[in-house]
Amino acid sequence: MHPHASSPQLLLFFLLSTLLLLLLQGPGPGLCFCPSQCTCVFHGRSDGAGFRSVLCNDPDMGDIPVNVPLDTAKLRVEKTAVRRIPGEAFYYLPELRYLWITYNSITSVDTSSFYNLKVLHELRLDGNQIAAFPWESLREMPSLRTLDLHNNRLASIPAEAIPYLVNITYLDISSNKLVTLPSDLLDLWPPFSGAAPKTNDSKIVLGLQDNPWYCDCKISKVIELSKMVDTPIILMDAFLACGGPENLAGVLFQRAELDQCSKPTVLTSATKITSAEGSNVLLRCDANGYPTPDLTWTRADGSAFNHTVVQESPGEGVRWSIISLHGILFKDAGDYRCRAKNVAGRADAFFTLSVAGEGASTTAPPQSTVRTTEPASPSTAVTEPTPLSSPASSAPPKTTISTTTATTPRTTKKGPGPGGGIQRSPPASKMQQGKGGKGSSDAEDDNKTVKKPLDSKPGLRDVQVVEEGVDSAVVVWVAEGMPSDAPVSILCSPTGGEEGEEISISSQAGRGKELMENLIPMQDYKVCLSTKATPPGKEQCVEFSTLGEGEEESDLLLIASIIACMVAVPLIFFLIYKILSLCCSRTSSRRGGEEGEEEDLSKESYVKFETLNLKQRTLNGQVPTHDLWSRRHTESERMLLCSRSSIDSQLTYKSDSSRSEYLC
């Protein structure tokens, strides 16, 4: 300001500065500028607090108003000609909690339209013409709980929208053009999330009605939800109907049956694995389901881990996956999760890995540990410090899973591994395949060590295979002088140069019995038992053979035939006896008259054969049109039939002129 300015100019400058300061501070209840096409109301309370609401419903309004009072908590733009919501349209309304832009002509919503609405609790955009909603804009509204998109033109909801709907408790997407939903959408809330509701009042309200839903596996969870009685998710209209395919058009969700959809099931053969520090571990799980599920591996605590994953789907609805943990350390111990997931649901399998620190010795050659119970893919093979890993095949079994540990480090002790797995030197032929014949002398030395007798020391005795099946067998043993919880390792391997996978099982001495599965039919096997204190000897090994595909069925058929014969032969003799008795009684009745017949029948036992014959009977003196079953009974039989009227009454003809013969 010029130093010679007059006092009126100074006064004007002061007034303008004061007005600008008031505008920057925000208008209060007594100072508010309301848009010309809107109505502004301050809802005050006796304590001086309150909130301001603004209603804009002029049909000629074509744009979102920009001069709305800064303290507005509720803004309603209804029944106007507004066609779009521009970016940062409500940036100057940080206190806005309720935003209703309903029944306008909006077709476009910008990604940044709701920027700076940190406390917005309710957003309603129903009754517009929105075909694509910017779901990522929801991250600008962390307090949002109600989202109403009813009566628009939405044709799909992308899977990317799911993370932005985590906090929504009221979602209305009814009366749109939706035919499907992301399969993971309902996983946000119980019961599909797997988490229990925090309180009894934590309900989720969903509006899904009036959409042309295509009933297939993708919305199988919605169909399942409609059939549930008591769930935290409440449907505004429980009578949802299918719009397609043609065979389900018009069918209610509650009655729709999707035969092809099935939730995944995860198969696992082991859940606890123990391996030495520095070894390589293979974990495997198989899953079944339709559509074919996807498999993912994670640590249960969410931490990262170094691994290699190999997956394959040998057929529709089946998938298997193997992860390889290289050079495990103590920090790798813990729980691992294999999750199978498809559009119909998900299933989890958990594996517990323990790392043992013992096994540091340089007096013995490298040993191989637990073998896989199933062949693995060639791509799952891991380069080991020794050439003793078992050969792998390209096609895994369809319905079983193998959880294995691969090989131990170079410096290991002879005898059983840390997890009860058998450390066993391979045959000389396998050694030669590994490195051109090197190591055969080491294998012979190991075999000599294994064959040493145990004398009278504590150990395992009377090893036998008591039940052989097509693909399984049961091995039993007796433990002498050993604690019942002492670990026992069982190794089953093919004999006679036959191909096949070695199977390793960890057990305890006190169990005395173990089932071996996944064997090959008509194969010769050798099973050996060992403990930490003693390697397997002659007394701990036994050979057996599995049955052929038809042998087990033939044995069952033979047993069934024997049982049938045992039952049928006495019955045949009994029938012959009764027939002869009946013939004799007829002969005697002819000779002795009716009194003799009456006497013989009265002596018959409760169980007797009743003779039925076809006889014509007349009704009211007329010739019958068809034959009826009938019979005559003696007085003794009549008394017996009183307790069997429910059966024999079906054999007696009744008419208006005759009463029941078996009335007791």
Side-chain angles (χ1 to χ4, degrees), residues 20 23-29 31-43 50-154 157-158 160-161 163-165 167-168 170-173 176:
L20 180 61
L23 290 175
L24 292 175
Q25 291 178 350
L31 182 61
C32 174
F33 298 96
C34 187
S36 59
Q37 296 174 303
C38 304
T39 302
C40 302
V41 179
F42 183 80
H43 304 272
F51 67 94
R52 189 181 307 280
S53 65
V54 178
L55 172 61
C56 304
N57 57 359
D58 189 342
D60 296 330
M61 177 179 288
D63 298 309
I64 297 293
V66 295
N67 53 348
V68 178
L70 303 182
D71 62 344
T72 300
K74 184 174 183 179
L75 174 61
R76 297 168 58 186
V77 181
E78 300 177 351
K79 300 178 182 179
T80 68
V82 176
R83 293 183 175 275
R84 61 181 298 268
I85 303 178
E88 301 183 3
F90 312 100
Y91 176 79
Y92 295 100
L93 301 175
E95 299 181 16
L96 195 62
R97 294 179 57 85
Y98 299 90
L99 179 58
W100 296 3
I101 308 177
T102 59
Y103 294 95
N104 299 281
S105 302
I106 295 175
T107 59
S108 174
V109 181
D110 193 85
T111 303
S112 61
S113 294
F114 310 108
Y115 180 72
N116 202 34
L117 299 182
K118 303 300 181 183
V119 298
L120 188 68
H121 183 81
E122 186 172 307
L123 175 61
R124 296 183 181 272
L125 296 170
D126 49 307
N128 288 286
Q129 302 176 21
I130 301 173
F133 182 77
W135 301 96
E136 61 273 19
S137 65
L138 298 179
R139 65 168 172 253
E140 302 295 340
M141 299 171 282
S143 302
L144 190 66
R145 297 296 180 269
T146 298
L147 178 60
D148 190 349
L149 295 171
H150 162 74
N151 195 12
N152 276 280
R153 297 182 179 179
L154 297 176
I157 297 179
E160 293 77 11
Y164 307 119
L165 298 172
N167 298 323
I168 300 298
Y170 181 100
L171 177 62
D172 190 356
I173 51 177
N176 279 278

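What you see is a predicted model, and the numbers here were worked out from it, not measured in a lab.
- A 4.5 Å side-chain heavy-atom check between Leu75 and Leu96 finds at least one atom pair inside the cut-off.
- Closest of all the heavy-atom pairs between Glu136 and Arg139 is O-CG, 3.0 Å.
- Asn176 contributes a side-chain N or O that, together with a main-chain N or O of Arg153, makes up a donor-acceptor pair within less than 3.5 Å.
- When every heavy atom of Ile168 is checked against every heavy atom of Leu147, the shortest pair comes out as CD1-CB, 4.4 Å.
- Across all their heavy atoms, Leu70 and Pro94 have their closest contact at O-CD, 4.4 Å.
- How far CZ of Phe33 is from CG of Asn67: 10.0 Å, rounded to the nearest 0.5 Å.
- In this structure, the side chains of Glu140 and Lys118 come closer than 4.5 Å at one or more pairs of heavy atoms.
- Judged by distance alone, with hydrogens and angles left aside, the side-chain atoms of Asn152 form a donor-acceptor pair with the main-chain N or O of Ile130 at under 3.5 Å.
- Heavy atoms of other residues, nucleotides or ligands lying less than 6.0 angstrom from CZ of Arg83 number 12 at most.
- Nearest heavy atom pair, residue Phe51 against residue Ala73, reads CB-CB, 3.8 Å.
- Applying the side chain to side chain donor-acceptor pair (under 3.5 Å) rule to pairs touching residues 84-103 yields Trp100-Glu122, sequence neighbours excluded.
- A 4.5 Å side-chain heavy-atom check between Leu154 and Phe133 finds at least one atom pair inside the cut-off.
- When side chains are defined from C-beta on, Ser53 counts as touching Val41, because their heavy atoms get closer than 4.5 Å.
- Around atom CG of Asp63, no more than 12 heavy atoms belonging to other residues, nucleotides or ligands sit under 6.0 Å away.
- Separating the CG atom in Leu123 from the CG atom in Leu138 is a distance of 7.5 Å, to the nearest 0.5 Å.
- With sequence neighbours left out, Asp148 forms a salt bridge (Lys or Arg N to Asp or Glu O under 4.0 Å) with Arg124.
- Around NZ of Lys79, the count of heavy atoms belonging to other residues, nucleotides or ligands within 6.0 Å does not exceed 12.
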Begin with the C-alpha distance, continue with both residues' side-chain angles, and end with the deciding distance and a verdict on side-chain contact (heavy atoms from CB on, under 4.5 Å) for Leu149 and Asp126. CA-CA 5 Å; Leu149 295 171; Asp126 49 307; over 6 Å; no
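- Across every non-hydrogen atom of Gly87 and Ser112, the tightest pair is CA-OG, 3.4 Å.
- Of the possible donor and acceptor atoms, none in the side chain of Asp172 sits under 3.5 Å from a partner among the backbone N and O of His150.
- For the 3.5 Å distance criterion, the side chains of Thr146 and His121 fail to qualify, holding no donor opposite an acceptor.
- Val54 places none of its side-chain heavy atoms less than 4.5 Å from the side chain of Thr39.
- Contact of the Pro69 side chain with the Cys40 side chain is registered, since non-hydrogen atoms from C-beta on lie closer than 4.5 Å.
- Side-chain contact between Leu99 and Phe90: present, with at least one pair of heavy atoms (C-beta onward) separated by less than 4.5 Å.
- Here the shortest heavy-atom pairing between Val77 and Val82 reads CG1-CG2, 4.4 Å.
- Ser113 places a side-chain N or O within 3.5 Å of a backbone atom of Ile85 that can act as its donor or acceptor partner.
- A donor-acceptor distance shorter than 3.5 angstrom exists from the side chain of Asp58 to the backbone of Asp60, with no hydrogens or angles considered.
- Here the straight-line distance linking atom CG of Asn128 with atom OG1 of Thr107 works out to 9.0 Å at 0.5 Å rounding.
- When Cys38, Pro35, Ser36 are each tested for a side chain to side chain contact (heavy atoms under 4.5 Å, CB included) with Met61, only one passes: Cys38.
- Contact of the Leu144 side chain with the Asn167 side chain is not registered, since no non-hydrogen atoms from C-beta on lie closer than 4.5 Å.
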